[in-house]
Amino acid sequence: MIQKAIEMLQKHYGYSSFREGQDQAIASVLAGTDTLCVMPTGGGKSICYQIPALVFGGTTIVISPLISLMKDQVDALLQLGISAAYINSSISGKEAAERLDKAKRGEYKLLYIAPERLESFDFMDHLKMLDIPMVAIDEAHCISQWGHDFRPSYQRIQRMVQALPKKPVVLALTATATPKVRVDICRSLTIQEENTVLTGFERENLSFSVIKGQDRLRFLKDFLKKNEKEAGIIYAATRKNVDQLYERLKKDGIKAGRYHAGMSDADRMAEQEDFLQDRTGVMIATSAFGMGIDKSNIRYVVHFQLPKNMESYYQEAGRAGRDGLDSECILLYSSQDVQVQRFLIDQSSDRERMPQELEKLQLMVDYCYTENCLQRYIVRYFDDSDIAPCGRCGNCTDSRESQDVTKEAQMVLSCIIRMGQKRFGKALTAQVLTGSKNKKVGDLGFHKLPTYGIMKEKSTKEVTDFIEFLISQELIAVEHGTYPTIYVKESGKEVLMGNVTVKRKEAVRTKQVGNDDPLFEVLRSVRKEMAENEGVPPFVIFADNALKDMCAKLPQSDEEFLQVSGVGEHKLKKYGEHFIKAITAFKKQNPEREALGSLESAPVKPAKKATPNSHLDTYALYKENLSIAEIAEKRELALSTVENHMIQCIQEGMEVKLLDVVPPEAVPQIREAVQDAGGEKLKPIKELLPDQVSYFMIKAYLLLEKTSV
Ligand code: ADP
Ligand code: MG
């Protein structure tokens with residue numbers, strides 16, 4: 001039977017093999033065993049019940065907690081050529097009755113239903129008339145009061161299963177790993193605990209990082225500008241935070257959507273639709289947003305404030321990169337958020353759970369301070385198991401130099417003490433240090449302090465940021481009264497006495513996620529057009545990784561198109577022609593583009609062997625003082641081809657001047673990026689640079705820096 005399952009995987013989904021745990025879960029279900037499947041978000045749980053549903057006869061029932069999720073899942077199945085439908089409160093009673101009739105006639109392989117339906121006797125009577133080989137329970141943690149999304153109706157599932165004339169096999173699926181929740185699920189569905197399929201919790205395509213002691217708004221803006229083509233979520237702590245951030249970004253010309261519980265249902269729905277359809281790239285939201293969002297092409301999740309615990313954090317951050325492509329999860333840490341979260345816990349009515357919640361918050365803060373692998377911290381937190389350092393996260397890849405800032409720290413600390421401690425906040429302290437003429441400073445007599453103006457070569461903003469950094473190093477603490485005030489901690493006094501030095505790393509630079517392959521952009525727009533025609537979100541047509549695979553394989557026939565990961569028979573028929581046409585046209589315009597070139601090396605591949613001396617013709621024109629663009633135009637070649645020629649010339653020792661091929665302003669930028677990246681690998685260097693600086697420029701720089709300028 002598992003052989004049949006692989007056939008289905010290839011035929012319908014166009015994937016060549018199962019992922020970790022999928023085959024095990026499917027085999028277990030096909031053998032008739034009630035099973036619990038625990039896999040991280042994006043692990044591929046849907047396939048674990050969809051494929052058995054295809055192998056079994058009859059109609060598989062899927063219990064799913066959210067309306068939007070059901071619709072997307074059914075849309076995705078229809079796109080694969082698999083018959084499916086859903087019944088929930090978004091459709092009329094008449095429609096529901098029609099769908100039930102069709103189900104009785106066996107017209108659906110899968111029928112998604114909302115758990116609340118199980119509360120209706122009438123509905124149950126109808127279900128008894130269906131041929132149901134399997135009941136799949138998605139987001140099964142909703143069964144448990146210990147989970148984060150408890151849904152009372154989920155507790156009716158077991159009764160429904162028992163009421164059916166023929167006992168179906170039960171498959172529960174969740175991404176929540178905590179043992180307590182697992183036990184609860186097994187108990188309420190009478191699944192034997194040993195029939196649990198549990199995969200690792202590492203997400204191999206996610207890079208986690210924590211940014212602290214840095215201006216977060218500036219970091220965010222910079223990041224968004226670098227990644228404007230990609231989709232992402234920014235989580236903020238409160239409705240007010242969401243609205244503020246939304247306005248700030250709007251002022252800067254960054255178009256974003258927003259989502260929080262204070263908005264009307266209609267507004268929220270419209271914002272969500274725009275995001276799912278790739279009409280808005282960034283969504284600013286509270287934690288109310290995201291459950292039930294299966295959008296697979298989310299390239300980043302930024303937390304603008306500290307979440308309340310690791311459970312929420314991993315769940316929210318985990319919404320990035322469901323399609324398996326590299327994605328970023330960034331947490332912007334500021335010490336004051338800890339106070340906010342403490343306050344919220346303090347306000348919550350549940351006194352009994354308070355100590356536990358405070359402990360969880362502390363572990364969340366510890367995450368922000370660890371210098372070890374972040375992914376490893378997460379896995380240990382959930383699973384008590386250990387993994388090797390991921391090599392991707394902010395800590396694993398941190399190669400920033402640190403600078404001794406002990407003297408500056410002493411200036412700030414001594415100023416705080418002289419200002420009387422616990423009386424004033426960051427802003428006034430920074431004003432005194434920079435020698436501000438502010439009236440308040442004079443009124444308080446602070447202009448007479450010996451620390452007045454000792455940092456006057458810096459701006460107030462810079463000094464405020466530096467104070468924030470010292471807070472993040474726990475040398476200064478914040479006291480939260482009517483106004484937050486600051487004071488020097490014991491550890492800060494050690495610094496003042498010269499017993500401890502303070503080191504500060506330079507700011508973390510923003511990265512570009514995704515890629516800037518022009519063909520990818522072409523395919524992205526073809527996908528968008530198809531999606532609009534079909535009235536479904538673009539990721540339902542093809543995931544980003546399918547587009548990426550097309551970029552690598554450049555399929556130009558049906559047969560080749562079928563080789564693309566994510567292309568099954570149905571999608572070939574439906575979309576093959578459009579995509580093949582676009583790829584063929586692109587290839588015609590960019591003849592040097594070859595199949596299977598990795599995206600990184602494609603732009604700087606050596607010239608093709610077929611015309612071995614073409615680069616010499618390019619060189620001749622270069623010697624006539626033509627620019628690269630002019631050469632390309634004159635020779636009717638793609639710019640990248642001419643760039644490859646130039647690289648080849650340099651490699652062969654011909655004389656090329658750096659400033660002829662790299663714009664002068666880019667040279668110092670590249671130099672700095674090369675130093676920061678700490679190596680000559682192109683990709684890490686490129687990530688540190690603005691988009692306009694191409695791989696070609698970097699490569700030319702690396703080859704030429706020793707000989708010219
Ligand atoms: P989960 O429900 O566990 O969060 P999904 O079922 O939504 O994850 O799957 C996440 C993504 O992974 C989807 O885009 C899906 O098509 C893809 N996927 C699942 N299984 C495979 C596989 N065997 N090979 C390639 N891609 C897969
Ligand atoms: Mg899922």
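In what follows, residues are counted from 1 in the order of the sequence shown.
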Practice problem: Would you check, one step at a time, whether the test side chain to side chain contact (heavy atoms under 4.5 Å, CB included) holds for Glu687 with Arg509? | Solution: CA-CA 9 Å; Glu687 281 171 355; Arg509 307 271 200 99; over 6 Å; no
Self-check item: Criterion ring pair (Phe, Tyr, Trp, His ring centres under 6.0 Å) against Tyr367, the qualifying member of Phe208, Phe382, Tyr377
Solution: Tyr377
Quiz item: Do Lys255 and Thr280 have side-chain heavy atoms sitting under 4.5 Å apart?
Solution: yes
Self-check item: Matching residue for Glu328 among Lys511, Gln512, Arg299, Arg392 - test: side chain to side chain donor-acceptor pair (under 3.5 Å)
Solution: Lys511
Practice problem: Would you mind reporting whether Leu361 and Ile345 have side-chain heavy atoms less than 4.5 Å apart? | Solution: yes
Exercise. Decide, yes or no, whether a salt bridge links Arg524 with Glu521 under the criterion of side-chain N to carboxylate O below 4.0 Å.
Key: yes
Self-check item: Intermediate values then yes/no, side-chain hydrogen bond (donor to acceptor under 3.5 Å, both in side chains), Thr510 and Lys226
Solution: CA-CA 8 Å; Thr510 54; Lys226 259 195 197 151; 3.2 Å; yes
Exercise. Please tell me if the side chains of Arg151 and Ile143 come closer than 4.5 Å, counting only heavy atoms from C-beta onward.
Key: no
Quiz item: With a 4.5 Å heavy-atom cut-off, do Ile284 and Tyr259 have their side chains touching?
Solution: no
Quiz item: Is there a donor-acceptor pair under 3.5 Å between the side chain of Asn395 and the backbone N or O of Thr370?
Solution: yes
Quiz item: Taking Lys295 as the fixed residue, which of Asp72, Asp323, Asp278, Asp544 is the one that meets the salt bridge (charged side-chain N to carboxylate O under 4.0 Å, His left out) rule?
Solution: Asp278
Quiz item: Would the Tyr86 and Tyr112 ring centres measure less than 6.0 Å apart?
Solution: no
Practice problem: Go through Thr174 and Glu139 one step at a time and tell me if the side chain to side chain contact (heavy atoms under 4.5 Å, CB included) criterion holds. | Solution: CA-CA 5 Å; Thr174 180; Glu139 315 289 350; 5.5 Å; no
Quiz item: If only atom types and distance count, is the side chain of Asn241 paired as donor or acceptor with the main-chain N or O of Thr238 below 3.5 Å?
Solution: yes
Quiz item: Does Tyr369 have its ring centroid less than 6.0 Å away from the ring centroid of Tyr333?
Solution: yes
Quiz item: How about His303 and Tyr313: are their ring centroids closer than 6.0 Å?
Solution: yes
Exercise. Evaluate the criterion side-chain hydrogen bond (donor to acceptor under 3.5 Å, both in side chains) for residue pair Thr35 and Asn195; output intermediate values, then yes/no.
Key: CA-CA 5 Å; Thr35 305; Asn195 296 330; 6.0 Å; no
Self-check item: Check: Phe223 ring centroid to Tyr300 ring centroid under 6.0 Å
Solution: yes
Self-check item: Check against side-chain hydrogen bond (donor to acceptor under 3.5 Å, both in side chains), Asp366 and Gln362
Solution: CA-CA 6 Å; Asp366 289 351; Gln362 188 53 47; 3.0 Å; yes
Quiz prompt | Verdict with reasoning, Ser334 to Lys212, per side chain to side chain contact (heavy atoms under 4.5 Å, CB included) | solution = CA-CA 6 Å; Ser334 171; Lys212 52 179 185 291; over 6 Å; no
Self-check item: Cationic tip of Lys686 above Tyr695 ring, under 6.0 Å, 45° of axis
Solution: yes
Quiz prompt | Aromatic ring proximity, centroids under 6.0 angstrom, Tyr314 and Tyr381 | solution = no
Practice problem: Check whether any side-chain heavy atom of Ser144 lies under 4.5 Å from a side-chain heavy atom of Lys180, and answer yes or no. | Solution: no
Quiz item: Counting N and O atoms only, with roles assigned by atom type, does the side chain of Arg203 sit under 3.5 Å from a partner on the main chain of Gly42, one being a donor and the other an acceptor?
Solution: no
Quiz prompt | Student check: side-chain heavy atoms of Cys393 and Ser207 closer than 4.5 Å | solution = no
Quiz item: Mind checking whether Phe150 and His141 have side chains closer than 4.5 Å, heavy atoms only?
Solution: no
Practice problem: Could you give me the CA-CA distance, side-chain angles and deciding distance for Val197 and Gln22, then say whether side chain to side chain contact (heavy atoms under 4.5 Å, CB included) is met? | Solution: CA-CA 9 Å; Val197 176; Gln22 284 180 330; over 6 Å; no
Quiz item: Passes side-chain hydrogen bond (donor to acceptor under 3.5 Å, both in side chains), Tyr13 versus Gln50? Steps please.
Solution: CA-CA 11 Å; Tyr13 295 82; Gln50 290 171 354; 2.7 Å; yes
Quiz item: Does Phe539 offer a backbone N or O that forms a donor-acceptor pair with the side chain of Asn297 under 3.5 Å?
Solution: no
Self-check item: Heavy-atom check, side chain of Val513 versus side chain of Asp326, under 4.5 Å
Solution: no
Self-check item: Pair Tyr235 + Phe304: ring centers closer than 6.0 Å
Solution: no
